[in-house]
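Each remark here refers to the structure printed beneath this line.
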Amino acid sequence: MAKKKKELINLLPQEEFAASTLGRILTWLLSTFRMIVIATEMIVMAAFLSRFWLDARNTDLNDEIKQKSAIISSYKDIENTFRKTQTKLSVFSSLTSTPTVNSFVGTISDSLPTDIILSSLAFKDRTVKINGVAGSEQSTAQLVANLTAKTEFRNIDLSGLESDRSGIGILFSISGNTGEPK
Amino acid sequence: MADWRVNYTQYRRYFFDIVSLYKRRQDLRAFLEIILSIGTITLFVALAVRPTVTTISQLLTDIKTKEDTIAQMDTKIRSLGTAQNLVTQYAGQIALLETAIPDGPTPESIMKQIEGLAQKNNVSVLGSSVSNVTIIGQYPETKENEFQISTPEGAIFFVFSGTLEGDFPLLINFLSDLENLRRPLILDGVSITTVASQDTKRIVLSVTGRAPFLKQ
């Protein structure tokens with residue numbers, strides 16, 4: 001019996017194109033692009049669906065803002081009162097934080113030697129002018145020294161000194177600077 | 001035979017050749033499918049993905065902004081609640097503050113207070129005056145010698161002055177009371193002078209100052 005010719009059976013027949021390099025590259029590209037197309041479609045669908053959720057969320061937030069705006073509007077009077085009170089408090093505290101003229105007068109009174117009589121006392125624009133009659137030059141010097149020693153006054157000067165016409169005492173004039181009076 | 005018939009036959013043959021070529025050659029089919037895939041992706045990206053992504057990013061930005069706004073509104077509502085409690089709690093003091101820094105100049109109250117303090121301290125009022133002040137209507141922005149906006153908080157002042165006569169301790173008491181009024185006054189000028197008239201000597205106190213108020 002003649003030997004049967006051995007036949008090769010290929011159950012996975014490959015076409016000539018699929019086996020070639022170009023064929024493989026193209027097949028790979030095709031399958032990749034298919035996946036990209038599917039992914040793109042999924043992205044489009046996801047974006048389309050997510051818009052519903054985002055729109056709903058946006059509408060909810062709009063409603064919430066309207067609601068809270070209404071609440072804030074209802075507090076308008078309280079807010080105005082509070083703001084005005086804050087302004088008034090800051091005005092009040094800024095106006096009451098400076099020393100008073102009365103305290104300067106008290107300091108000058110305390111600094112006066114016994115034989116000095118004041119004829120005028122004036123405060124204006126952070127300056128003080130004191131005019132008076134002293135029993136002696138020493139008293140005037142003492143007053144200048146006393147005022148210079150006080151922290152409330154600066155640049156104390158004896159700006160005038162002359163004998164009284166009656167000859168009883170010495171007319172003096174003292175000027176200086178104060179802290180900002182109230 | 002007409003030219004168009006020749007051309008028609010010729011082009012018909014070309015077309016069927018292309019179709020048969022497409023059916024016969026797999027590489028051609030593959031290339032065509034790749035080109036179609038690229039076209040589809042481009043179409044999707046240009047017409048669907050890009051506008052949708054733009055819209056979604058805009059929506060997300062809006063949502064983020066609105067969430068921030070709501071957070072700020074929540075904070076404000078909480079602060080307003082606290083403010084309401086404080087206003088209720090300190091209603092008495094706030095009423096006093098209204099008299100200290102009134103809404104509007106109320107120059108008559110200063111004049112009354114000067115007269116009242118003069119009576120209290122037994123000193124005589126020789127004269128008192130108030131600068132021009134708008135009692136009703138719009139306040140001018142700046143008008144020399146009338147309004148001075150000198151505090152950063154925006155308080156406005158009107159100028160007043162007074163001349164009083166009396167004993168020195170009484171005048172000092174008057175000055176002390178004037179400076180301790182509930183309404184804080186700025187005393188720009190104070191002078192105490194001895195005025196000799198005939199055989200007597202009088203002590204005269206002159207006060208020039210500013211009284212604060214807020215616009216109504």
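Computation of the quantities below employed the complete heavy-atom set of this structure, encompassing side-chain atoms and omitting hydrogens, waters and symmetry-equivalent molecules. Predicted model, so just to flag it, every value in this text is computed and none were measured. Reminder, nothing fancy here: chain letters follow the sequence lines and each chain counts from 1.
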No-hydrogen, no-angle side-chain donor-acceptor test under 3.5 Å, A:N146 and A:Q142 = yes
Proximal component of A:V37, with respect to chain B [non-hydrogen, under 4.5 Å] = both
Answer with yes or no whether the side chains of A:R154 and A:T148 bring together a donor and an acceptor at under 3.5 Å.
-> no
Value rounded to 0.5 Å, distance of CD1 in A:I174 from CZ in A:F153 | 10.5 Å
B:I172, part contacting chain A, at a heavy-atom distance under 4.5 Å | both
Where the side chain of B:N121 meets the backbone of B:L117, is there a donor-acceptor pair that is under 3.5 Å apart?
-> yes
State, without any angle test, whether B:T208 and B:D188 hold a side-chain donor-acceptor pair at a distance under 3.5 Å.
-> no
Name the member of B:V204, B:I94, B:I56, B:T52 that forms the most heavy-atom pairs with chain A at distances under 4.5 Å.
-> B:I56
Leading residue by heavy atom contact count with chain A [cutoff under 4.5 Å; candidates B:I63, B:D74, B:L59] | B:I63
Can you tell which of B:L175, B:V53, B:T194 has the highest number of heavy-atom pairs within less than 4.5 Å of chain A?
-> B:T194
Answer yes if the side chains of A:S139 and A:S136 hold a donor-acceptor pair under 3.5 Å, and no otherwise.
-> yes
Are B:D68 and B:K64 ion-paired here, with the side-chain N under 4.0 Å from a carboxylate O?
-> yes
Who wins among B:I77, B:V87, B:T69 for the most heavy-atom pairs under 4.5 Å with chain A?
-> B:I77
Would you mind checking which part of A:L61 comes under 4.5 Å of any heavy atom in chain B, side chain (CB onward), backbone (N, CA, C, O), both or neither?
-> both
Contacting region of B:I203 [heavy-atom separation from chain A under 4.5 Å] | neither
Ion pair check, A:E79 and A:R83, cut-off under 4.0 Å = yes
With only heavy atoms counted, which part of B:K76 is less than 4.5 Å from chain A, the side chain, the backbone, both or neither?
-> side chain
Between chain B and each of A:F82, A:F33, A:Y75, count heavy-atom pairs under 4.5 Å; write down the option with the most.
-> A:Y75
Who among B:G189, B:S79, B:A83 has the most heavy-atom pairs with chain A under 4.5 Å?
-> B:A83
Verify whether one side chain among B:E165 and B:S124 offers a donor that lies under 3.5 Å from an acceptor in the other.
-> no
Winner by heavy-atom pair count (cut-off under 4.5 Å) against chain B, out of A:S120, A:S50, A:S109 = A:S120
Taking only Lys NZ, Arg NE, NH1 and NH2, and the carboxylate oxygens of Asp or Glu, determine whether B:D167 and B:R202 approach each other closer than 4.0 Å.
-> no
A:T40, A:V128, A:N131, A:L121: which one forms the most heavy-atom pairs within less than 4.5 Å of chain B?
-> A:L121
Check whether the side chains of A:N155 and A:N177 place a donor and an acceptor atom closer than 3.5 Å, and report yes or no.
-> yes
For B:V190, is it the side chain, the backbone, both or neither that has a heavy atom under 4.5 Å from a heavy atom of chain A?
-> both
Greatest number of heavy atom pairs closer than 4.5 Å to chain A - which of B:G81, B:S206, B:G209, B:A100 | B:G81
What part of B:L86 gets closer than 4.5 Å to chain A, counting heavy atoms only: side chain, backbone, both or neither?
-> side chain
For B:E98, is it the side chain, the backbone, both, or neither that has a heavy atom closer than 4.5 Å to a heavy atom of chain A?
-> both
Flag the one option from A:K129, A:E64, A:K84, A:R34 with the top tally of heavy-atom pairs under 4.5 Å to chain B.
-> A:K84
With a 4.5 angstrom heavy-atom cut-off, which part of B:R182 approaches chain A: side chain, backbone, both or neither?
-> backbone
With a 4.5 angstrom heavy-atom cut-off, could you sort out which part of B:S176 is near chain A: side chain, backbone, both or neither?
-> both
Which answer fits B:F168, side chain, backbone, both or neither, if we ask what part of it has an atom under 4.5 Å from a heavy atom of chain A?
-> side chain
For A:L118, is it the side chain, the backbone, both or neither that has a heavy atom under 4.5 Å from a heavy atom of chain B?
-> backbone
Test item: B:T75 side-chain N/O and B:A71 main-chain N/O as donor-acceptor pair under 3.5 Å = yes
Is A:K124 atom NZ crowded by more than 12 heavy atoms from other residues, nucleotides or ligands, each under 6.0 Å away?
-> no
